[in-house]
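A quick write-up on the structure given underneath.
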Amino acid sequence: MPSLEEFLASIGEEIHDAEEGLGMQISLENTYDSGPCERSLQVAAESFLLFSRDIPSANLGFVDSRTATVELTIHGQDFSIHQSPTLLSSARAGGTTGAVLWKITPRFAEWISSRNHNPFWESSILTSSSAVVELGCGISGLVALALGPCVGHFIATDQEYVHRLFKENIENNAAAAYQLSHHHHHRNSSYRHGPPRQQQQKKLHSAGGKTRAGKRSANSSSSSNSSSNEGSHSLTNVTFTALDWELDVPETLKDTIKQENPSASGSEIGQDSDNDDDNGDDDKKDRGFDLLISCDCIYNEALVPPFVRTCADICRLRPPYDPTTLSLDLETTSPRRRPTVCVIAQQQRSPDVFETWLRETLREFHVWRLSDDVLGDGLKAGTGYVVHALVLRSDARDGRR
């Protein structure tokens with residue numbers, strides 16, 4: 001079983017490494033104490049590398065913003081996703097981008113749930129007992145449907161307005177999700193309703209500039225999903241809770257599991273079962289997560305700082321990553337002593353927004369761009385999508401370095 005260092009080395013290029021084709025060398029020795037000037041060079045190099053490539057036109061990135069139902073297939077299983085074109089086009093305060101399915105989501109859901117040649121599974125970042133949290137899940141619940149049955153618990157977060165359709169999609173597709181959990185093969189997703197229609201809008205997403213996370217505390221609006229309408233299956237280990245990136249406290253996220261599912265096991269709510277030298281009940285309570293997921297949430301510069309802070313706050317529920325310490329064995333180390341790994345997937349749209357995100361992120365995190373070998377055909381370079389992995393820096397302190 002590889003160590004955390006070996007896992008990180010296997011997934012792709014760390015951003016501070018020399019960038020391909022640019023002739024720009026950024027010293028590894030300087031990275032740990034990098035300042036604003038060097039960070040700007042890192043950001044410019046990564047942005048140039050990504051946006052100088054040919055990027056296929058994906059319009060705004062909707063699958064189909066005009067239909068109320070999208071039919072698609074992942075790993076050979078059919079899913080029917082209900083969405084709200086009316087809500088998307090409304091003037092709702094706080095944004096409406098979570099009201100429909102976006103093109104990157106089926107590709108990402110299929111990739112992250114596949115165990116074949118996926119280092120997140122091979123390195124035990126993801127296991128059948130993993131705790132996963134998603135930021136900006138939207139109405140589809142597709143990542144939760146694909147990954148939820150494979151892990152210990154999956155907490156999906158977003159604004160409260162997506163809750164009803166999210167719950168409906170989880171319930172209606174629960175049987176397919178359980179079948180999918182037995183078929184983790186690399187297959188291409190297919191949209192049974194045909195190619196997405198051309199969009200007329202010229203700017204990305206609705207106005208308002210608000211976060212796709214809600215306006216209530218993590219304890220005030222959460223629900224596990226009830227029985228499926230298509231059989232006896234139910235995804236009781238999938239929980240939805242509203243999370244405001246600017247107001248809420250991520251420390252309480254796992255509390256929603258026990259509130260909505262009283263029969264949840266100790267491991268699901270963060271009660272470590274191993275016997276080590278920790279003392280006290282508080283020490284045995286793991287409020288953190290093995291994996292944080294975000295899929296297509298980076299589209300507005302104003303949302304970048306609260307988004308990055310929320311990622312960092314969640315990662316602070318576990319220890320940070322210190323590359324100067326001894327190797328960390330991912331199989332034998334207690335979960336609460338392992339850093340949270342973040343996976344951030346996004347569509348390539350605006351270099352300015354991307355650079356703002358990366359600049360903020362490098363202040364808090366070590367960052368890797370996932371390689372084509374790791375991502376496969378659906379998300380590799382040239383598709384118009386990019387995926388980064390993050391681990392919290394040991395010198396990150398409450399959003400300031």
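We count residues from 1, following the sequence as given. Every heavy atom of this structure was used, including side-chain atoms; hydrogens, water molecules and symmetry mates were not. In this text, all values refer to a predicted model and were calculated from it rather than measured experimentally.
Between L135 and C311, the shortest heavy-atom distance links the atoms CD1-SG, 3.8 Å. The two residues D313 and R316 come nearest to each other via the heavy atoms OD1-NH1, 3.0 Å. Between W245 and C297, the shortest heavy-atom distance links the atoms CH2-CB, 4.2 Å. The shortest non-hydrogen separation linking Q347 to I104 is N-CD1, 4.1 Å. Across every non-hydrogen atom of W357 and V304, the tightest pair is CA-CG1, 3.5 Å. Pairing each heavy atom of T105 with each of S140, the nearest pair is CG2-OG, 4.2 Å.
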Worksheet item: After noting the C-alpha distance and the side-chain angles of E46 and R369, does the key distance pass the salt bridge (Lys or Arg N to Asp or Glu O under 4.0 Å) rule?
Response: CA-CA 9 Å; E46 178 74 356; R369 179 187 355 103; 2.7 Å; yes
Item to complete: Start with the C-alpha gap between I293 and V133, add the side-chain angles, then the distance that decides, and say whether side chain to side chain contact (heavy atoms under 4.5 Å, CB included) holds.
Response: CA-CA 6 Å; I293 289 172; V133 61; over 6 Å; no
Discussion item. Set out, in order, the CA-CA distance, both residues' side-chain angles and the distance that settles side chain to side chain contact (heavy atoms under 4.5 Å, CB included) for D296 and R349, then state yes or no.
Written reply: CA-CA 10 Å; D296 213 7; R349 296 186 179 96; 2.7 Å; yes
Practice prompt. Go through the steps for D290 and R318 under the test salt bridge (Lys or Arg N to Asp or Glu O under 4.0 Å), then give the verdict.
Written response: CA-CA 9 Å; D290 299 291; R318 290 273 186 90; 3.4 Å; yes
Worksheet entry | Criterion salt bridge (Lys or Arg N to Asp or Glu O under 4.0 Å) on R393 and D395, from CA distance to verdict | CA-CA 5 Å; R393 302 175 65 102; D395 58 346; 3.0 Å; yes
Discussion item. Would D255 and R287 count as a side chain to side chain contact (heavy atoms under 4.5 Å, CB included) here? Give the steps.
Written reply: CA-CA 8 Å; D255 293 344; R287 294 187 176 276; 3.0 Å; yes
Worksheet item: Given the rule in the salt bridge (Lys or Arg N to Asp or Glu O under 4.0 Å) test, do K254 and D286 qualify, once you have shown the distances and angles that lead to the verdict?
Response: CA-CA 9 Å; K254 277 190 173 177; D286 175 22; 3.8 Å; yes
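Of the inter-residue distances, the one linking E360 atom CD with E301 atom CD reads 10.5 Å to the nearest 0.5 angstrom. The structure places OG of S130 at 11.5 Å from CZ of F120, a figure rounded to the nearest 0.5 Å. With values rounded to the nearest 0.5 angstrom, F108 atom CZ is found 9.5 Å from S113 atom OG. Atom-to-atom distance recorded for F365:CZ and C342:SG is 4.5 Å, nearest 0.5 angstrom. Atom CZ of F154 is separated from atom CG of L291 by 8.5 Å, given to the nearest 0.5 angstrom. Remark: E110 CD to L147 CG distance equals 13.0 Å, nearest 0.5 Å.
Atom CG of D352 has more than 12 neighbouring heavy atoms from other residues, nucleotides or ligands inside a 6.0 Å radius.
In summary, the side chains of H75 and S114 do not present any donor paired with an acceptor at a separation below 3.5 Å, with no hydrogens or angles considered.
Taking the six-membered ring where tryptophan is involved, the planes of Y321 and H366 are perpendicular, since the angle between them exceeds 60° and thus also 30°.
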